Amino acid sequence: EIPRLEDSGLIVRVPDWWSGGRSAARPAVTVTVESGEQRKGMGVDSLVNFNVDVAMGGEKLTPEELARILASEAPLISLKGQWVEIDRAKLREALAKWQQAAAASANGIPFHIGLRLMSGMGGGVAGEAEELTASGEWTAFAPGAQFDKLLAKLRDPARHLTDASPVPGLRATLRPYQRTGVNWMHFLSGMGLGACLADDMGLGKTIQVIALLLLRRAVRTTPRPSLLVVPASLLGNWRRELENFAPDMEFLIAHRSALDASGMKKLSAGTHRALTRDTVVITTYTMLGKLESFSTIQWDIAALDEAQAIKNAGTGQARAVKKINAAFRLTLTGTPIENRLADLWSLFDFINPGLLGAPGDFAQSTARMAKSPHGFSPLRRLVQPYILRRMKTDPAIAPDLPDKTELTAFCHLSKRQASLYQRAVNAMAKELSEAEDGIQRQGVVLASLMRLKQICNHPSQFAGDATFLPEESGKYDRLREITSHISDRQEKVLIFTQFREMTAPLADFLATIFGQTGLVLHGGTPVGKRQELVTRFQEPGGPPFFVISVKAGGTGLTLTAASHVIHFDRWWNPAVEDQATDRAFRIGQTKNVLVHKFVCEGTLEEKIDALIRDKKALATDILGNDDGAARTLTEMTDADLLQFVSLDLRSAG
């Protein structure tokens with residue numbers, strides 16, 4: 001039996017959206033949202049209507065009862081066998097403004113505006129009346145009978161779906177939660193609504209998309225290509241997965257590394273034969289901007305892997321992606337929110353344009369919600385039907401996955417590190433005092449933070465002297481301590497660093513501990529060689545350690561031979577760290593995974609650690625229930641910034 005989606009936290013029942021815990025003994029303006037003209041299923045092009053009445057306890061008042069309420073001057077009135085509290089001024093104001101809004105929208109409003117009204121986000125159709133709605137006292141929403149049936153498909157789509165297993169042409173057995181994911185995406189695609197598959201890393205988003213591609217191909221009557229936009233490092237991964245799980249699915253990699261100049265020219269001109277067939281075209285975010293013809297093609301599915309790549313709506317690749325025309329738009333990301341709520345807006349601007357409103361309006365709405373006692377509840381209610389998120393830590397999802405334990409590995413600074421660190425802070429203070437506001441100041445801040453992080457890693461990284469003496473770095477001491485135990489137990493470890501220049505020195509140092517060489521992967525490693533390195537590491541008896549630059553190898557690799565993960569330095573973004581950890585902690589892992597996160601005590605790294613926790617809390621607030629916020633360092637005052645990076649000698653040495 002397919003699990004009910006509302007049991008996963010995805011679905012929120014409509015009565016919860018508008019009841020708000022109000023007393024039944026207080027009449028309120030009731031805005032009833034009803035289905036209207038349906039142009040394309042239940043997508044953003046559909047139209048809905050709304051009617052305005054006054055009700056109490058869910059029961060509509062007659063015109064005579066309403067007239068008696070408004071005519072009376074008493075603060076309490078007997079109505080339907082009970083005493084009712086009346087604030088005629090507020091009730092009359094709300095009724096007048098909503099009636100005016102309904103008259104102005106007599107021809108219907110877009111479907112997504114109706115959903116915004118139901119969620120409490122406001123639809124921008126009633127002006128000041130929506131402010132009364134936000135108070136929850138004098139306005140309530142209710143779905144009409146037909147609209148309620150449509151909403152039921154969003155609340156509980158499992159009841160309306162046929163099990164997608166077996167999928168024609170799929171050479172794999174889907175897990176139960178994966179079948180649910182395929183069904184969910186297929187259902188939304190039939191309604192003309194976009195989706196965000198936000199499963200945790202390692203739960204098989206790729207296989208679910210392949211199954212969806214096969215399902216859509218089976219029901220189409222006219223051949224039509226689909227488009228996958230992926231990071232360059234994942235081209236090989238998608239090729240292997242399609243070859244393994246859908247061998248009869250035709251696909252084309254639209255990238256210079258896989259296609260000759262003639263083929264690329266035909267793609268750019270829109271004349272390649274693959275564009276008229278049931279072909280899966282795979283390209284990169286960078287290449288998409290150069291293939292202008294892709295924006296003129298009618299794709300069946302347009303899916304973005306690692307979709308956080310379009311989190312900044314103003315970038316060229318985000319703009320290029322949003323020019324794509326597709327029957328179904330899908331984003332794949334384990335991190336719908338990385339740093340700020342604007343990340344979520346940009347994702348939804350691709351999958352369901354207009355649902356979250358204009359960027360300025362969205363910013364104002366979320367700012368108000370941040371100060372509201374209800375927090376981000378309206379936003380959560382609005383986006384949850386379109387986000388399917390399952391976690392590896394949920395025993396119902398992956399009962400056979402071992403545990404993951406995360407530890408903070410505190411490190412002391414060496415004398416040379418402490419001296420260099422203090423000098424760097426002093427230099428930063430001087431540069432800030434001389435810098436002009438704006439870009440120059442931002443450059444000083446970012447350059448100074450980078451120098452401090454380099455010093456925390458090893459003085460030689462900062463000085464560029466290439467010596468990398470182990471005794472000059474507290475992190476090297478801690479690394480020796482941890483990896484010696486790993487070596488004694490004959491286990492394997494992944495070591496992540498954000499700095500390419502640290503990969504070789506770390507590998508040289510670790511070779512002295514393990515008694516043999518390991519593997520290194522960074523941005524300069526040829527794409528064709530990366531799978532060879534993965535295969536070597538995964539083999540029993542293969543190299544015991546793998547040093548990886550997190551930018552190059554933090555996604556798309558399966559390295560379950562490792563049962564230890566070490567983050568030698570901390571990335572600003574918690575989602576990037578989690579993705580790197582999930583190279584080992586994913587389906588196929590049979591051992592418990594121990595994660596060590598290095599932090600130099602008394603330095604900015606301790607503050608970064610706290611900042612990372614805050615950023616995680618912000619994402620959880622929208623996708624879960626906790627509160628959180630994040631603050632970028634470049635926005636701090638000079639005094640706050642210097643306090644942030646200052647060296648605490650009591651902890652550091």
Side-chain angles (χ1 to χ4, degrees), residues 2 41 157 161-175 177-199 203-231 234-255 258-259 267 272-285 287-288 291 294 297-307 321 324-333 350-351 386 388 556:
I2 300 174
L161 307 182
T162 301
D163 194 347
S165 182
V167 176
L170 182 66
R171 293 192 180 179
T173 301
L174 296 174
R175 294 169 179 259
Y177 72 86
Q178 292 172 335
R179 290 202 305 271
T180 298
V182 175
N183 293 340
W184 176 77
M185 291 186 291
H186 192 225
F187 181 63
L188 284 176
S189 70
M191 295 193 299
L193 296 168
C196 174
L197 184 60
D199 283 346
L203 288 183
K205 292 190 288 292
T206 302
I207 188 66
Q208 293 177 69
V209 173
I210 291 174
L212 175 67
L213 290 165
L214 290 168
L215 269 181
R216 292 280 294 186
R217 185 182 68 170
V219 301
R220 280 197 303 269
T221 57
T222 302
R224 183 180 290 176
S226 289
L227 178 66
L228 298 177
V229 185
V230 309
L234 298 187
L235 287 173
N237 182 71
W238 275 99
R239 184 191 72 246
R240 289 189 300 274
E241 298 286 86
L242 283 166
E243 290 172 345
N244 291 336
F245 300 127
D248 65 339
M249 173 77 78
E250 183 179 347
F251 70 89
L252 173 72
I253 297 180
H255 193 266
L259 201 61
L267 281 177
H272 198 289
R273 67 186 184 94
L275 302 178
T276 62
R277 301 159 62 96
D278 276 326
T279 306
V280 177
V281 179
I282 312 171
T283 193
T284 65
Y285 288 96
M287 189 60 63
L288 180 65
L291 297 169
F294 278 23
I297 297 167
Q298 182 58 55
W299 305 92
D300 185 55
I301 294 175
L304 311 182
D305 195 7
E306 300 295 343
V321 160
I324 296 171
N325 297 309
F328 178 56
R329 292 183 171 197
L330 173 68
T331 56
L332 309 176
T333 174
F350 172 72
I351 62 174
Y386 309 102
L388 182 57

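Along the sequence shown, residues are numbered consecutively beginning with 1. Fair warning: this is a prediction, and the values are worked out from it, not measured in the lab.
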May I ask you to test the [X]-[Y] pair for a side-chain heavy-atom distance under 4.5 Å?
X    : Y    : answer
V209 : L330 : yes
V280 : M249 : yes
P247 : R171 : yes

* **From I282 atom CD1 to L227 atom CG, the distance as rounded to the nearest 0.5 Å** => 9.5 Å
* To do: List the steps, then state whether side chain to side chain contact (heavy atoms under 4.5 Å, CB included) holds for Y285 with L304.
  => CA-CA 9 Å; Y285 288 96; L304 311 182; 3.4 Å; yes
Without swapping roles, check the side chain of [X] against the backbone of [Y] for a donor-acceptor pair under 3.5 Å.
X    : Y    : value
K205 : D199 : yes
D278 : P223 : no
Q178 : L203 : yes

* Test of ring centre spacing under 6.0 Å for F294 and W299 -> yes
* To do: In plain terms, say whether D300 and R220 are close enough for a salt bridge, that is, a side-chain N and a carboxylate O under 4.0 Å apart.
  => yes
* Judged by modelled atom types alone, do R216 and S189 share a side-chain donor-acceptor pair under 3.5 Å? -> yes
* To do: Evaluate the side chain to side chain contact (heavy atoms under 4.5 Å, CB included) criterion for residues I207 and L174: first the C-alpha distance (whole Å), next the side-chain angles of each, then the deciding distance (0.1 Å), finally the verdict.
  => CA-CA 8 Å; I207 188 66; L174 296 174; 3.9 Å; yes
* Asked: What are the two closest non-hydrogen atoms of L214 and P168, and how far apart are they?
  -> CB-O, 3.5 Å
